[in-house]
Participant: 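Take a look at this one; I'll ask things after.
Lettering follows sequence order; numbering is per chain, from 1.
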Amino acid sequence: MTRNAETARLLYKVGAVFRILEGDTFRTRAYFNAATAIENLSDPIEDLYSKNNLEGIPGVGENIRRYLIEYIKHGKVRHFESQFKKVPAGMFPLMDIRGVGPITAYKIAKKFHLNDASSAGEKLKKILKQGRITEIEGFKERTESKIRKALEVKAGGKQRLLLAEALPVASLFLDYLKQSPLIIEAEPLGSLRRKLPTVGDIDMAICSQKPGEAMTYALEYPEIAHVITRGDKVSHVKLRSGYEADIKNSLPNQWGSLLQHYTGSKFHNIKLRTKALGKGLSLSEYGIRKGKRLIDFSTEEDFYKFLGMTYIPPELREDHGEIEMAVDSSLPILVKESDIKGDLHIHSDFDFPSSHDIGSTTLTSILKQADDYKYEYVGISDHNPKYTDLSDKEKEKILTKRRDYLLREFQSYEKKVKKRTLKLLIGLEVDIRPDGKRALSDKLLDTLDYAIVAIHSSFNLSVKDNTLRILDALDHPKAIILGHPTGRLLNQRDSIQADWDKIFDYCKSNNKIIEINASPSRLDLPDDLIMEAGKYGVKFIINTDSHNTSQMEFMKYGVWQARRGWAGRSQIINTLSYQKLQSVLNLEK
DNA sequence: GCCGTTTTCGGCCCGACTGTTTTCAGTCG
């Protein structure tokens, strides 16, 4: 568990205790809100603390901030510890079960003396087996079976899905839904629609004149393993693939309100509704209530327009200032997939002693794919030759051979298609060594059109060392792109620690380009850092890092990621024409 | 406990679904 997740969990626990001890739902909500906000931070909370930035966390006020500082400094909070002693510790793990909140967990833990967090789960299973849950007042057989079912679902649960794993699952579901004449429209919702790099479950909206019948049809989807909750308006199911899905239902005249409501994010909606309340308007998935009148919205555009705002693209709906800017009509015009004119991070199948994996498809098929996408240029950037084991002479030989091979293939492709529109650039992805040296000599670097420098080892260095090694590695005219900057692998490896302000400042001053790596398991730079870099005026390039031709379609994930970071076309250099790109990369004509 | 285009006091997004009761509490997103 990351430090942020641990901190969030602590606050959830405290909130739960206040719910039990004082019945104060608002104080509980305050702690839960703070916990959610910290969970969603992408900077580690200790970094914010050391930069004196804790004030910026929404929902964290003076009191919680003080407790957080105590927690960061000492690993615990005295006030919290004394509160925890007043409830059985076994209640907390029970709250991880769907449908079990603070009060249910407390009642179970209290009744059966679950005073130890580590054994509470096993003890609960035993109690369920013996059918003893009904000994608690107000708990009948249905509650018992609900908890039992939730435990089964939890046991078969999976971690968050990559967006690229979720979209195909969603798309099959959409195909099924759209087959029915009852269903006029179907759309993904939630984090899937906001294009978060990972999503928790697969939410679907359906639009029908006969919502009840449409829901019945949706629940007959053969991929549904079982229905967890079922309603005319909302149902929750578990798919055979192990993933959970929500299905929401709407009439056509309320379709816009429904999409808006369930696309979220939660923070975006809370801000929107709080602001609307000030004008005497109450927002819901059914529309906007003004006094006794409910106003319908069949499109989201009309919904936002009624509130005096321009349309806010789903990728921006995180309460990062988009609501205020939509009121002023000052939202940025975001980059689109059709703006992209090339991809400079593609690995070819040229076979040599490479420091990392080589690509698996020929240059010809890469060029053909690029032509299909109507690109103006592609750049091949294989990994550098092995750093050790090879002499500089041998490396030079390899790189010359590679250049000859690529040019020969390129010319033969041009002849075949009888046109000369697509341009080829020959680059290289060069390792940043732990000490900041590049894994290629300056002399060989000069033979390239450009180099992408990137970290591939020693991810756990200090903030200072990582910052220094990145700045050192960029200090050469050909080392112009910083590849997958944080090195994160979603669900697998955290981002490196570095002083990003310093790096962005350097990039802006020295015309270095930051890569937004579109590989679905990377999506690196993270969205909040894209926003941060954007404030410095740094330019980006969206690259796929393709190791075979089929991965070139990942460009759309990079574009979505850029949009989540508020990036417009003018900030992305691979929206430029080839001529302008040459000047950005300092290429001789 | 948080927070401010009715505010430093007095509200706190909004509604669905479930279970146990018949008007509501708990949980979820």
Participant: Categorize A:Phe18 for me: base, sugar-phosphate, or nothing, with a 4.0 angstrom heavy-atom threshold over every strand shown.
Facilitator: nothing
Participant: Can you measure A:Phe267 atom CZ to B:dG29 atom P for me and round it to whole angstrom units?
Facilitator: 14 Å
Participant: Measure from the side-chain heavy atoms of A:Asp246 and tell me the nearest of B:dG15, B:dC2, B:dG29.
Facilitator: B:dG29
Participant: Take the protein atom CD of A:Glu318 and the nucleotide atom P of B:dG29, then report the distance between them rounded to whole Å.
Facilitator: 17 Å
Participant: Are the aromatic rings of A:Tyr71 and A:Phe80 close, with centres under 6.0 Å apart?
Facilitator: no
Participant: Could you tell me how far B:dC17 sits from B:dC12 if I compare only their C1' atoms? Round to whole Å.
Facilitator: 23 Å
Participant: Apply salt bridge (charged side-chain N to carboxylate O under 4.0 Å, His left out) to residues A:Arg9 and A:Asp96 and explain how you reach the verdict.
Facilitator: CA-CA 11 Å; A:Arg9 197 173 171 83; A:Asp96 292 339; 3.2 Å; yes
Participant: Nearest-nucleotide wise, let me know which of A:Lys248 and A:Lys233 is further upstream toward the 5' end of DNA chain B.
Facilitator: A:Lys233
Participant: Below the 4.0 Å mark, does B:dG1 have OP1 or OP2 next to a side-chain nitrogen or oxygen of A:Thr28?
Facilitator: no
Participant: If you apply the rule salt bridge (charged side-chain N to carboxylate O under 4.0 Å, His left out), what do you find for A:Arg194 with A:Glu322, and how did you get there?
Facilitator: CA-CA 14 Å; A:Arg194 302 201 309 282; A:Glu322 73 281 4; over 6 Å; no
Participant: With respect to the phosphate group of B:dC2, does any side-chain polar atom (N or O) of A:Asn33 fall under 4.0 Å of OP1 or OP2?
Facilitator: no
Participant: With rounding to the closest Å, how many angstrom separate the P atoms on B:dG15 and B:dG10?
Facilitator: 25 Å
Participant: What is the separation between atom CG on A:Asn249 and atom C1' on B:dA16, rounded to the nearest whole Å?
Facilitator: 12 Å
Participant: Would you indicate whether A:Glu62, at its atom CD, is surrounded by more than 12 heavy atoms from other residues, nucleotides or ligands within a distance under 6.0 Å?
Facilitator: no
Participant: With rounding to whole Å, what would you report as the distance between B:dT8 and B:dC3 at their C1' atoms?
Facilitator: 9 Å
Participant: Please give the distance between the P atoms of B:dC9 and B:dC14 as a whole number of Å.
Facilitator: 25 Å
Participant: Between A:Phe92 and A:Tyr12, does the ring centre distance come in under 6.0 Å?
Facilitator: no
Participant: Select base, sugar-phosphate, or nothing to describe what A:Leu283 touches, counting heavy atoms under 4.0 Å on all strands.
Facilitator: sugar-phosphate
Participant: Exactly one of A:Met531, A:Arg317, A:His320, A:Glu315 should register a side-chain contact (heavy atoms from CB on, under 4.5 Å) with A:Arg564. Which one does?
Facilitator: A:Glu315
Participant: When the distance from CZ of A:Arg317 to C1' of B:dG29 is rounded to whole Å, what number comes out?
Facilitator: 16 Å
Participant: Measure CG/A:Asn269 against P/B:dC14 and give the value in whole Å, please.
Facilitator: 11 Å
Participant: I'd like to know whether CD of A:Glu81 has more than 12 heavy-atom contacts from other residues, nucleotides or ligands below 6.0 angstrom.
Facilitator: yes
Participant: Looking for any heavy atom pair under 4.0 Å, which part of the strands does A:Asp232 touch: base, sugar-phosphate only, or nothing?
Facilitator: sugar-phosphate
Participant: Phosphate oxygens OP1/OP2 of B:dG15: is one of them under 4.0 Å from a side-chain N or O of A:Tyr262?
Facilitator: no
Participant: In the structure shown, which nucleotide is the Watson-Crick or G-U wobble counterpart of B:dT8, with both distances under 3.5 Å?
Facilitator: none
Participant: Taking atom C1' in both B:dT20 and B:dA25, compute the distance separating them and give it to the nearest angstrom.
Facilitator: 10 Å
Participant: Suppose you measure atom C1' in B:dT6 against the same atom in B:dG11; what distance do you get, rounded to whole Å?
Facilitator: 11 Å
Participant: Find the distance A:Ile288:CD1 to B:dC14:P and express it as a whole number of Å.
Facilitator: 12 Å
Participant: Walk along nucleotides 18-28 of chain B from 5' to 3' and tag each nucleotide B, S or - by protein heavy-atom contact under 4.0 Å, base first, then sugar-phosphate.
Facilitator: SSSS----SSS
Participant: So which nucleotide from B:dG29, B:dG15, B:dA16 ends up closest to the side chain of A:Ser284?
Facilitator: B:dG15
Participant: Quick test of the criterion, 5.5 Å between centres and less than 30° between planes. Is A:Phe26 stacked on B:dC12 or not?
Facilitator: yes
Participant: Does CZ belonging to A:Arg493 count more than 12 external heavy atoms closer than 6.0 Å?
Facilitator: yes
Participant: Using atom P in both nucleotides, what's the gap between B:dT5 and B:dG1 to the nearest angstrom?
Facilitator: 23 Å
Participant: What is the distance, to the nearest angstrom, from the OH atom on A:Tyr31 to the C1' atom on B:dG1?
Facilitator: 6 Å
Participant: Would the number of heavy atoms belonging to other residues, nucleotides or ligands and lying under 6.0 Å from NZ of A:Lys51 be above 12?
Facilitator: yes
Participant: Would you mind reading off the distance between A:Leu258 atom CG and B:dG29 atom P, rounded to a whole angstrom?
Facilitator: 16 Å
